[in-house]
**Student:** 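A single structure is presented below for examination.
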Protein chains: 2
Amino acid sequence: MNETSTSSSVSPSAEEYLLTLFRKEVGNEQIGTSKLAELFDVKAPSVTGMLRRLHKRGWVTYKRYRPPELTDLGRSIATKLIRRHRLLETYLVSHLEFDPDEVHDEVEILEHAVSDTLIDRIDEKLGHPAFDPHGEPIPDENGHSPNMNLITLSTVAEESSAVFSRMDNRDLGMKKHLTSLGLQPGTNLTRMSSGQADQLLVKAGERLLKMPEKIAQLIWVWPDTY
Amino acid sequence: MNETSTSSSVSPSAEEYLLTLFRKEVGNEQIGTSKLAELFDVKAPSVTGMLRRLHKRGWVTYKRYRPPELTDLGRSIATKLIRRHRLLETYLVSHLEFDPDEVHDEVEILEHAVSDTLIDRIDEKLGHPAFDPHGEPIPDENGHSPNMNLITLSTVAEESSAVFSRMDNRDLGMKKHLTSLGLQPGTNLTRMSSGQADQLLVKAGERLLKMPEKIAQLIWVWPDTY
DNA sequence: TATTATTATTAGGATATCCTAACTTTTTGG
DNA sequence: CCAAAAAGTTAGGATATCCTAATAATAATA
C-alpha cells in the first residue's frame, strides 16, 4: 500500500487543506493563515497547527510567518484527490440526478471516505471520463490531466472536427440548453460549411445544429489535431 | 435538524459501536468489553472509554463492570444507521457490481459520510427496496421494518407458495450454491408434493429442484398468506 | 523610519480516539 | 466458598482537531 491509497486512514481536514492549497497554487493565488481560517470556518491558530502537521507529513514546506509551499508529494496527493473529487461529482450528477452546482458539499465529505476500488468502479461506469460536469479535466490514475489545448468552437475550421470540452459554466441557462441539444463534455463535434456569416452549422453526434457565432465563442473544444 | 440528521458531525467509531451493540441486541447475543475490543481491533480500555462516551450521549446505559444497554434513543439512531447501511449495500451491489459478500467494509466507512439527501436519492433509484442483497429488511424513513412473518421453507405446506427471504448467512458455501440455483432473496418458491420424506420438491421460478429437508430448514421464507 | 495595523504564532485547554501498565471486580471451578 | 483465571477499569500518555487569550513578527502608512 502506498502513502495515498487508503484515504480513510488520513484525516479529512488535512486533505481538505491540501486540496485548497493546491487549487490556490494552480490558480496562482496567494493564501495565508487567516484566509484559510476563514475558508474553513476555523480560528487562525488551528490553521497554524494544521500547517505544522502538513509539514510534518511532507505535504508542504512551512516556515513560520511564511506562506506554505506544496511539496511534490503534496501535489501528487492533491492530484489524486482532485481525481476522486471530479469523478464523484460526475457520478452524482449523471447517475443520481444531483445538480452540478450543488454536488460540491456532498463530494467534499465523500471524497475522503470512498475506497480506491469504489473510485475505479465509478470511473468504469462512467467510461473513464476526461472532464467533469463543470468541464474541468479529470486526472487519470497516474495523475495526468488530459492535455488541454482548447480553442473556441468559433475558431474551428469548416469541415473540421473537435471534442466538446467545456463551456462557460457561469451561465446555467445556456448550459442546460446546450445539454438538451446533446452538447456535453465529450461530445464529438464537426463544423460544417455554412453560407451564413454569424451562424455556424455544427454536427453534434447525429444531430445537425445551427448555432449563433456568439455562442460558439463560449464553447471550448479540444481540436482534432493529427 | 434533529440529532441524527448530519451523521458527519458524529464520530464514525461511536456509530460503529452503537451499530454493533444494536445488532447484538437484536440477535439476543451477549457482548462485553473484550468481545467489542476484539471486533474493533482495539484494546479493552478503549472500549471502556467509548462506552462511557456513548453513555454520555444517551445512546446506552452503562455501569462499570456491567454490560451496556441500549437506550430508546440509541435504538432509534441505530435503526437509521441500519437503513443507510442496507441501502448502500444494495446500491453498491446492484449499480456498481460489488460482490454482496465484499461490500461490507466499503459501506462501513461510507455510511458515516453520506448525507441524508444522497441516501434518499439512492433509495429512490432503487425503488424503495424492502430487503438488501443479503435478504435483510431495510427500515423505512420512520424506522419501521417490513413486517416479517418468516417461516422456514420446510414448514411450508405442499402446493403452497412463499417468497424467499433469507438464508443462514454464516454458511457461505451453501449460500453460493443456492444462489447458483437461482435462489435469492425475492425469488418466488412453490413447494410441490413429493413422495420422499426427507426430500422436498421446490419450484423456484421456472426451475424444479430437489432439496434435502435439512437445507429447507435453513431457508426462511415469507409465506403467501391470503 | 517609526508607529500603527495586520497577520501569524505560542501557550494552555478541551474532546475524541487510541495505547500500555497496573489494578479491581466478577466469574469459575475445584 | 475461596483462590485462580477472566474480564473490566483506572491512570497516565499520545495524536489530531479545535478554542481563547496573550504575544510576536511583518506590512503599511504617516
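For clarity, every value in this text was computed on a predicted model and none was experimentally measured. Here is how names work: the chains are called A, B, and so on, in the same order as the sequence lines, proteins then strands, and each is numbered from 1.
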**Student:** B:Glu106 side chain to A:Ser115 main-chain N or O, any donor-acceptor pair under 3.5 Å?
**Tutor:**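 Yes, because the side chain of B:Glu106 sits within donor-acceptor range (under 3.5 Å) of the backbone of A:Ser115.
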**Student:** In whole Å, I'd like the distance from the NE2 atom of B:His112 to the P atom of C:dT17.
**Tutor:**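 Rounding to the nearest Å, NE2 of B:His112 and P of C:dT17 are 11 Å apart.
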**Student:** Stems involving DNA chain D: give each as a range paired with a range, ordered by first number, where a stem means at least three consecutive Watson-Crick or G-U wobble pairs under 3.5 Å.
**Tutor:** C:1-30 with D:1-30
**Student:** Please give, in whole Å, the distance from D:dA14 C1' to A:Lys56 NZ?
**Tutor:** 10 Å
**Student:** Taking only N and O in the side chain of A:Arg53, is any of them less than 4.0 Å away from OP1 or OP2 of D:dT17?
**Tutor:**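 It does, given that an N or O in the side chain of A:Arg53 lies less than 4.0 Å from OP1 or OP2 of D:dT17.
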**Student:** Quick check: does any side chain N or O of B:Thr187 sit under 3.5 Å from a backbone N or O of B:Gly182, one acting as donor and the other as acceptor?
**Tutor:** yes
**Student:** Examine distances only and state if a side-chain atom of A:Thr71 and a backbone atom of A:Trp59 form a donor-acceptor pair shorter than 3.5 Å.
**Tutor:** yes
**Student:** Sub-3.5 Å donor-acceptor pair from the side chain of B:Arg86 to the main-chain atoms of B:Pro137, do we have one?
**Tutor:** yes
**Student:** Counting the benzene-type ring for Trp, do A:Trp220 and A:Phe131 have ring centres under 6.0 Å apart?
**Tutor:**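 Aromatic pair excluded; centres sit 6.0 Å or further apart.
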**Student:** Taking it one step at a time, do A:Leu92 and B:Leu118 satisfy side-chain contact (heavy atoms from CB on, under 4.5 Å)?
**Tutor:** CA-CA 9 Å; A:Leu92 292 190; B:Leu118 180 47; 4.0 Å; yes
**Student:** Measure from CD on B:Glu16 to P on C:dT17 and round the result to the nearest Å.
**Tutor:**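 Going from B:Glu16 (CD) to C:dT17 (P), I get 12 Å.
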**Student:** List in numerical order all residues of residues 18-27 of chain A for which some heavy atom is under 4.0 Å away from an atom belonging to DNA chain D.
**Tutor:**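 Heavy-atom contacts with DNA chain D come from no residue of residues 18-27 of chain A; none.
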**Student:** Any donor and acceptor pair, going by atom type alone, linking the side chain of B:Asn142 with main-chain N or O of B:His144 inside 3.5 Å?
**Tutor:**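 Side chain of B:Asn142 to backbone of B:His144, a donor-acceptor pair under 3.5 Å: no, none is there.
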**Student:** Under 4.0 Å from OP1 or OP2 of D:dA16: is there any side-chain N or O of A:Tyr17 that close?
**Tutor:**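 Answer no for this pair, as no side-chain N or O of A:Tyr17 is under 4.0 Å from OP1 or OP2.
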**Student:** Choose from D:dC18, C:dT17, C:dT20 the nucleotide whose nearest atom is closest to any side-chain atom of B:Lys43.
**Tutor:**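 Out of D:dC18, C:dT17, C:dT20, the nucleotide with an atom closest to B:Lys43's side chain is C:dT20.
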**Student:** Check the pair B:Glu97 / A:Lys125 against side-chain contact (heavy atoms from CB on, under 4.5 Å), numbers first and verdict last.
**Tutor:** CA-CA 10 Å; B:Glu97 279 79 53; A:Lys125 267 283 168 216; 3.1 Å; yes
**Student:** Between B:His95, B:Glu124, B:Arg121, which is the residue that forms a side-chain contact (heavy atoms from CB on, under 4.5 Å) with A:Leu96?
**Tutor:** B:Arg121
**Student:** Take the protein atom CD of A:Glu38 and the nucleotide atom P of C:dT6, then report the distance between them rounded to whole Å.
**Tutor:**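 About 15 Å, once rounded to whole Å.
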**Student:** For a quick test of reading the model: is some side-chain N or O of A:Ser46 closer than 4.0 Å to OP1 or OP2 of D:dC19?
**Tutor:** yes
**Student:** Sugar-phosphate means primed atoms, P, OP1 and OP2; the rest is base. With that split, encode nucleotides 4-11 of chain D 5' to 3' as B, S or - using protein heavy atoms under 4.0 Å.
**Tutor:** ---SBBB-
**Student:** Under a 4.0 Å N-O cut-off, is there an ion pair linking A:Asp140 with A:Arg83?
**Tutor:** no
**Student:** Between A:His85 and A:Val107 (side chain of the first, backbone of the second, donor and acceptor by atom type, cut-off under 3.5 Å), is there such a pair?
**Tutor:** no
**Student:** Would you mind reading off the distance between B:Leu36 atom CG and C:dC18 atom P, rounded to a whole angstrom?
**Tutor:**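 The distance from CG of B:Leu36 to P of C:dC18 comes to 12 Å, rounded to the nearest Å.
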**Student:** Could you tell me how far apart A:Met50 (CE) and D:dA16 (P) are, to the nearest whole angstrom?
**Tutor:** 9 Å
**Student:** Grab the CG-C1' distance between B:Leu54 and C:dA16 for me, whole Å please.
**Tutor:** 12 Å
